[in-house]
2 protein chains.
Amino acid sequence: MSTRRAPTLEDVAARAGVSRATVSRVVNADPRVRATAREAVSRAVTELGYRPNRAARALVKRAPDSVAVVVPETDQRVFSDPVIMEMLRGISEGLEETPLQMVLVLGRAGRDTDRLERWLRGGHTDGAIVLSAHLDDGVTSALSEIGLPTVMIGRPPGPEQGLPFVDLDNVDGGRQATDRLVARGCRRIGTVAGPVDMAASRDRLAGWRESLDAAGLADDAVEHGDFSSEGGRLAMRRLLAAHRDLDGVFVASDLMAAAAVSELQAAGRAVPGDVAVVGYDDSPAAQLTVPRLTTVANPGDRMAREATVMLRELLAGRPVSSRVLPTHLVEGGTA
Amino acid sequence: MSTRRAPTLEDVAARAGVSRATVSRVVNADPRVRATAREAVSRAVTELGYRPNRAARALVKRAPDSVAVVVPETDQRVFSDPVIMEMLRGISEGLEETPLQMVLVLGRAGRDTDRLERWLRGGHTDGAIVLSAHLDDGVTSALSEIGLPTVMIGRPPGPEQGLPFVDLDNVDGGRQATDRLVARGCRRIGTVAGPVDMAASRDRLAGWRESLDAAGLADDAVEHGDFSSEGGRLAMRRLLAAHRDLDGVFVASDLMAAAAVSELQAAGRAVPGDVAVVGYDDSPAAQLTVPRLTTVANPGDRMAREATVMLRELLAGRPVSSRVLPTHLVEGGTA
DNA sequence: CCGCGTCGTGAGAGCGCTCTCACGTACTGT
DNA sequence: ACAGTACGTGAGAGCGCTCTCACGACGCGG
């Protein structure tokens, strides 16, 4: 019906009997406006239902006003979603005090690379934060080529594109987990590792290996899972079949670990009595098992927060370098 | 270092030896430009690395360009995250073909109402989609008061604010789940319901009741959980203690259902032999149990997609009315 | 050969806002 | 008393883009 033009600064100014500039000052909380004028203006604002036009504002102050948060569409089954939500929250909190809006860009990894790339080139945002480097190189290389200020969350697999990243110390996480197994007396320690194409998986595996090497134990009991529950179950089954003397397992994700625990129990092994288990992520899934999983913290929100700090640096024109944050073991009953 | 001003239309025009208008035409794929001019322009565009300024464009064409996706910060433990990601994906897909950007706005329900409200009033976006009506009324009423085109995903609890919503037919879902239990011969059917303050919980509970009433069975075995795993476990324990003759349970979420199954098994009841169980959500958690949960589909992405359609209607100035989408049972081994 | 329509193009007027600058007006200090 | 200094305010110039309008250069039919 009424396609009445939205009220502008001018309208408010007219109504309040002041100039556009004064209204602008009031709206932007500039202190040097007389109280009476201020009141007149705010009254006019509410009466007219004035809302500043973001585009016009953005046009004149060329301050960055939005960042793209690129989320590779995780395969449904990967179930890494809780971590993603955690990261989104972290970013949201990190951006809370800034005028930056977070623009979500989802894409099915692989399939949508082109569309994503085109969008990113479109200059819709002033920067980007890329979640989880599971993404094809297409997007990350496009990003570094475009020159859009970008921070990756999670170290990218493959050669580094020169893009700064934040990551958690997965090597140390794997080591701590395995150290715990060693410390409680396990002598035959296997691992259910993650997919080989992910940096986090490789790092955790490397940590496991380092710990075993340091303890002088064998490091040949390795099976890979896909971070899904079912994948974890199957990997555990293979591991158990290949190494019947297993007395400890480091599983690279809680979801897989939960499945591994139930698989072990189904096979008649008491956890942690016969086989001790340490998971990874400290996710809600860690609390599903009985007893509750011993796991490694993997605070996605901290990483995300750090990423926002780094991105703000980049937007301010200052260079940043990648950061690796520390992790720690979370006590549970399985190791 | 070089804070070189980004190239503008003018720069491109100068370089290509044409006017601003012509460049604009080329950039916007206006057909009535001679081939030679078109080429000159595109060359200049790539040479200069020209990217149109979104703000300037948005300023002149007052077409809506972004929608806020308001996500109440789910309590960590609620773990409803997978559903949220699903919805986000649905919105993303629904907006894919439009120029609309999705701006994520997270807020801890209750705590952040003020900030959220202020932000929404700020006119940063042209519309809003609100996920899960767990939110205090503050936000939804602010939204309807501001007059920002808004669609709710999930029927709001409490009195309706006049905001259109999409929802899944939770009453029918609860009924279908319970009908299944009745059909397989259960005579003493309980339910682990969700929190009383959520519309979805209440609806599912109502469906359970309708089914039992229709079958002439008792409908007094009710316990409430908080949708968390632990909450489900405890509720199941209470339910079992109060009604030892239970032979069927409808659990209002898969996460709680998975915990309920393990609780039943721990209590020596075979599932589905002694007690049949139907969950809700068809979430990844449904596949964690052995046997796999029988559950009710709860396609968040479909709802979300529908929400984008409705929002686009609203943005086009057309009125929309709320929609309730059908659900169906998903076969599993627990009922 | 003239008038008319068509096509490609350029000039220029905004879109709604911020911000600089200059201009009062009311204080201070001497 | 008067210069000096705030302080509050308004005028006006853009920000980079789109779009209307007018205009010259054609091609056509009469």
Side-chain angles (χ1 to χ4, degrees), chain A residues 3-45 48-66 99 101 121-126, chain B residues 3-45 48-66 99 101 121-126:
Chain A
T3 313
R4 233 198 352 262
R5 200 174 48 74
T8 73
L9 259 199
E10 197 89 42
D11 302 329
V12 177
R15 176 132 190 162
V18 297
S19 76
R20 221 167 52 239
T22 300
V23 178
S24 176
R25 289 189 186 102
V26 172
V27 171
N28 294 289
D30 187 316
R32 36 180 201 168
V33 176
R34 215 180 331 175
T36 60
R38 181 186 309 283
E39 273 168 37
V41 170
S42 13
R43 198 169 335 108
V45 164
L48 262 42
Y50 169 76
R51 286 187 332 198
N53 178 318
R54 181 179 173 81
R57 180 176 287 177
L59 179 56
V60 49
K61 4 186 1 166
R62 308 94 150 345
D65 78 335
S66 62
Q101 289 189 167
R121 282 187 191 283
H124 300 290
T125 60
D126 306 291
Chain B
T3 314
R4 232 194 357 259
R5 200 174 48 76
T8 74
L9 258 199
E10 197 88 41
D11 301 327
V12 177
R15 176 132 191 165
V18 297
S19 76
R20 220 167 54 237
T22 301
V23 178
S24 176
R25 290 189 184 102
V26 172
V27 171
N28 293 291
D30 188 316
R32 37 179 201 171
V33 176
R34 216 179 333 176
T36 60
R38 182 186 310 283
E39 273 168 37
V41 170
S42 11
R43 199 170 334 110
V45 164
L48 262 43
Y50 169 75
R51 287 186 332 199
N53 179 316
R54 181 179 172 82
R57 180 175 287 175
L59 178 56
V60 49
K61 359 183 10 161
R62 304 90 154 350
D65 80 332
S66 62
Q101 289 188 167
R121 283 187 190 283
H124 299 289
T125 61
D126 306 292

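Quantities reported herein were computed from a predicted structural model and do not represent experimental measurements. Letters A, B, ... are given to chains in the order of the sequence lines, protein chains preceding strands, and every chain is numbered from 1.
Counting heavy atoms from C-beta outward, R15(A) and V12(A) have side chains that stay 4.5 Å or more apart.
Atom CD of E39(B) is separated from atom P of dG8(C) by 15 Å (rounded to the nearest Å). Between the CG atom of N28(B) and the P atom of dT9(C) there is a distance of 15 Å, rounded to whole Å. Atom CD in E10(A) sits roughly 13 Å away from atom C1' in dT18(C) (whole-Å rounding). Computed from coordinates, the N53(A) CG to dC15(C) C1' distance equals 8 Å when rounded to whole Å. Between Y50(A) atom OH and dG16(C) atom C1' the separation is 7 Å, expressed in whole Å. Taking atom CZ on R51(B) and atom P on dG16(D), their separation rounds to 14 Å, with Å as the unit. Atom CG in L9(A) sits roughly 14 Å away from atom P in dA11(D) (whole-Å rounding). With rounding to whole Å, R20(A) atom CZ is found 14 Å from dG14(D) atom P.
Between R34(B) and the phosphate of dT9(C), there is a side-chain N or O to OP1/OP2 separation shorter than 4.0 Å. Remark: S24(A) is not in phosphate contact with dC17(C), judged by side-chain N or O atoms under 4.0 Å from OP1 or OP2.
Backbone-only contact: A37(A) has heavy atoms under 4.0 Å from sugar-phosphate atoms and none from a base.
Residues A16(B) and A44(B) approach most closely at CB-CB, 4.0 Å, considering heavy atoms. Across all their heavy atoms, V27(B) and Y50(B) have their closest contact at CG2-CE2, 4.1 Å.
The distance from atom CZ of R62(B) to atom CG of N53(A), rounded to the nearest 0.5 Å, is 7.5 Å. Put simply, CD on Q101(B) and CG on D126(B) are 10.5 Å apart, with the number rounded to the nearest 0.5 Å. Of the inter-residue distances, the one linking L59(A) atom CG with R57(B) atom CZ reads 13.0 Å to the nearest 0.5 angstrom.
The side chain of A56(B) lies closest to dG16(D) when the candidates are dG16(D), dG10(C), dT18(C). Distances were taken from every side-chain heavy atom of V60(B) (C-beta onward) to each of dG10(C), dC15(C), dA11(D); the shortest belongs to dC15(C). Looking at the side chain of K61(B), the nearest of the listed nucleotides dG10(D), dT18(D), dC17(C) is dT18(D). Residue L59(B) places its side chain closer to dC15(C) than to any other of dT18(D), dT20(C), dC15(C).
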Collect all protein-nucleotide pairs involving nucleotides 24-28 of chain C in which both atoms are nitrogen or oxygen and the distance is under 3.5 Å.
none

Run the side-chain donor-acceptor check on residues 34-41 of chain B: report pairs under 3.5 Å with partners two or more places apart or on a different chain.
{"from": "R38(B)", "atom 1": "NH2", "to": "P31(B)", "atom 2": "O", "distance (Å)": "3.2"}
{"from": "R38(B)", "atom 1": "NH2", "to": "V33(B)", "atom 2": "O", "distance (Å)": "3.1"}

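Salt-bridge check for D65(B) with R54(B): passed, with a basic side-chain N closer than 4.0 Å to an acidic carboxylate O.
Where T8(A) and G17(B) each meet DNA chain C at their nearest nucleotide, the meeting point lying more 5' is that of G17(B). Along DNA chain D, the nucleotide closest to A21(A) and the one closest to R32(A) are compared, and the more 5′ of them pairs with R32(A). Toward the 5′ end of DNA chain C lies the nearest nucleotide of V33(B), the other residue of the pair V33(B) and R62(B) mapping further downstream.
A donor N or O paired with an acceptor N or O is found under 3.5 Å between the base of dG10(C) and the side-chain atoms of R25(B).
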